[in-house]
Number of protein chains: 2
Amino acid sequence: MLTTNLNTASTPSVAHFLNSGTPGQIKIGHSFTTTGEKALESHEHLFVAGDAQSHVYQILEGVISVYELLPDGRRQIATFCYPGDLIGADRIGRFAHNAESLCKVRVRCIPLKAMDRLIATEPGFSQALLNALSTELAETRDQLLSLGRKSAREKVATFLLRISRRNEREGVDETQLHLPMTRSEIADYLGLTIETVSRNFTKLKKAGVISLPSSSQVEVHDLDRLEAFADGGEH
Amino acid sequence: MLTTNLNTASTPSVAHFLNSGTPGQIKIGHSFTTTGEKALESHEHLFVAGDAQSHVYQILEGVISVYELLPDGRRQIATFCYPGDLIGADRIGRFAHNAESLCKVRVRCIPLKAMDRLIATEPGFSQALLNALSTELAETRDQLLSLGRKSAREKVATFLLRISRRNEREGVDETQLHLPMTRSEIADYLGLTIETVSRNFTKLKKAGVISLPSSSQVEVHDLDRLEAFADGGEH
DNA sequence: ATTACAAATTGATACAAATCAAGAAAAGCC
DNA sequence: GGCTTTTCTTGATTTGTATCAATTTGTAAT
């Protein structure tokens, strides 16, 4: 996919604006607005589908899953959100999805009014928000390709690769992957069952591409081969 | 899902801004910018992944598919874009996906500079763009649920329902559906094969939910049952 | 440490959708 | 009109993943 980004590099990020005040404050124009903070235990909901959108949240610590349910309980996780990520920035009145913590989480709560004022008064903030949403849309479309057209092994490889690339962006070792989610959550993200996820971890392990020091820790031995597995280059 | 929209109803749409000038022009601030128009034959590319983004396009006539390919040729169509829709508004430097006409198409070409000036000078335009992108993100996440967790029949029913709802929004009869795309394109949108798509049209027909006056024309006899089929309520 | 409980792995079997293979219908073309 | 080509439908078989079932491993509590 796209490795360099011609646009966002030169544009300040959303975080740039949200972090410009003192802790707990956002600079709006030349004044400051106080923002709340919220702590969640593991597997608590930040919001559920149908809730009126009152705030946008920025993750300070921990990981949150955004998911949708079918009436019979089948679940599809749309995305895992990490520190720095904005959640609920897709403003359409009411939340269309559910957001649940995977572990202990702290979020900054930004009232919608504050967002609106930032958009109206802070030049560049709209642009930053548009960039963030655009990137998220492109990543979601990538995930469509995984779900619609990839085999179970390709899906698992793609998933690990995605985490590795996040590490790279964050300046963390891209071969040591920490998985804050359970096999069940990985399965619901990849459109598989926990058994199939587990079997394909084992396959990648037996192929020598990864090892599993623990069930939540993956070591990648060969990133190139992992990449080959991710889009069907190796059978 | 979400049926009422608390926010966008009160906010002018992107189209409102783009249609405010005379034909071929967009009002920016108090002046006008000329916009080009482009015509495509059936199955021509508007852009391909990797192209530098120079314009944003608004469909005036026809339908365009946005898709992604794997190296071995497997294809996933992310979305079908209809008249009024903006395409390439997810500004991330280079196009991450391909855009191909399904039939004869006319698009308005809006230079990026013009978009930037609208964002900077026209109050409300950023908000309209953010709304459009947010809606598209929510719809793409819905599609994740289809691809990851629904059976072939549920996928086909969901697809027809989506077209029916578009008709409703456009004030067109929601029981008479025109399909501008081939079975192969439907298959690549739903993550299925053409045979499976065809078989499930037949199943819905035999169940009395739809009929097929022609392969590109669907008549829905029972919207409630189609809805039930779409999320697994009927087996 | 010992016990309880939850999460992950591994194995055996079933099934939905893919693949392979013809035909039938529709769309272009001379 | 008839001929060719493409698209769609239907049938037979295979296959990858789900389901069902049993261990194993890991974690927390006492």
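Here the structure is a predicted model, which means the values were calculated and not measured. Residue numbers start from 1 in every chain, and the chains themselves are labelled A, B, ... in the order their sequence lines are given, proteins ahead of strands.
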Query raised in the report: Which part of the nucleic acid, if any, lies within reach of A:Ser214 when heavy atoms closer than 4.0 Å are counted: base, sugar-phosphate only, or nothing?
Result: nothing

Report summary line: From CG of B:Asn200 across to C1' of D:dT9 the rounded distance in Å is 13 Å

Requested in this report: Using whole Å, report how far NZ of B:Lys155 lies from C1' of C:dA16.
Outcome: 11 Å

Report task. Calculate the interatomic distance between B:Leu102 atom CG and D:dT7 atom C1'; express it in whole Å. Result -> 15 Å

Report summary line: Side-chain contact check for B:Arg199: nearest option of D:dA12, D:dT9, C:dA8 is D:dA12

Query raised in the report: When all nucleic acid strands are considered with a 4.0 Å heavy-atom cut-off, which category describes B:Thr193: base, sugar-phosphate, or nothing?
Result: base

Report task. Determine whether B:Arg165 and B:Arg162 make a side-chain contact, defined as any pair of heavy atoms from C-beta on separated by less than 4.5 Å. Result -> no

Query raised in the report: Rounded to whole angstroms, how far apart are CZ on A:Arg153 and P on D:dG16?
Result: 11 Å

Requested in this report: Starting from the 5' end of DNA chain D, give me the residue, A:Ser215 or A:Glu195, whose nearest nucleotide shows up first.
Outcome: A:Glu195

Query raised in the report: 5'-most contact on DNA chain C: A:Lys205 or B:Pro213, nearest heavy atom basis?
Result: A:Lys205

Query raised in the report: Are any side-chain N or O atoms of A:Ser134 and backbone N or O atoms of B:Arg91, one a donor and one an acceptor, separated by less than 3.5 Å?
Result: yes

Requested in this report: Please report, rounded to the nearest Å, how far the P atom of C:dA17 is from the CZ atom of B:Arg74.
Outcome: 18 Å

Report task. Could you tell me which residues satisfy ring pair (Phe, Tyr, Trp, His ring centres under 6.0 Å) with B:Phe201, sequence neighbours excluded, listed by chain and number? Result -> none

Query raised in the report: Taking CZ from A:Phe201 and C1' from D:dT25, how many angstroms apart are they, rounded to a whole number?
Result: 16 Å

Query raised in the report: Is B:Thr158 reaching over with its side chain to a backbone N or O of B:Ala230, donor-acceptor style, under 3.5 angstrom?
Result: yes

Query - Any B:Asn167 side-chain heavy atom under 4.5 Å of B:His178 side chain - result: no

Query raised in the report: Taking the side chain of A:Thr182 as heavy atoms from C-beta outward, which of D:dC8, C:dA8, C:dT10 is closest to it?
Result: C:dA8

Query raised in the report: C:dT10 phosphate, OP1 or OP2: any side-chain N/O from A:Thr202 under 4.0 angstrom?
Result: yes

**Report entry** A:Ile194 CD1 to D:dT17 P, straight-line distance once rounded to whole Å
**Finding:** 16 Å

Requested in this report: Could you check which of C:dA21, D:dC8, C:dT9 has an atom nearest any side-chain atom of A:Arg183?
Outcome: C:dT9

Report summary line: Per atom distances to the A:Leu192 side chain, the nearest of D:dC8, D:dA18, C:dA8 is D:dA18

Query raised in the report: Are any side-chain N or O atoms of A:Arg141 and backbone N or O atoms of B:Ala96, one a donor and one an acceptor, separated by less than 3.5 Å?
Result: no

Requested in this report: Would you indicate what B:Ser198 reaches in the nucleic acid, counting non-hydrogen atoms under 4.0 angstrom: base, sugar-phosphate, or nothing?
Outcome: base

Report summary line: Whole-Å distance, A:Leu179 CG to C:dT9 C1', equals 16 Å

Report summary line: Ranking C:dA17, D:dA18, C:dA8 by distance to the side chain of B:Ala152, first place goes to C:dA17

Query - Overall bend - the helix from C:dA1-D:dT30 to C:dC30-D:dG1, comparing terminal axes fitted on five pairs, nearest 10 degrees - result: 50°

Report summary line: Which of B:Arg74, B:His97, B:Gln76, B:Arg75 passes side-chain hydrogen bond (donor to acceptor under 3.5 Å, both in side chains) with B:Glu68? Answer is B:His97

Query raised in the report: If we only count heavy atoms from C-beta on, is the B:Phe229 to B:Arg225 side-chain gap below 4.5 Å?
Result: yes

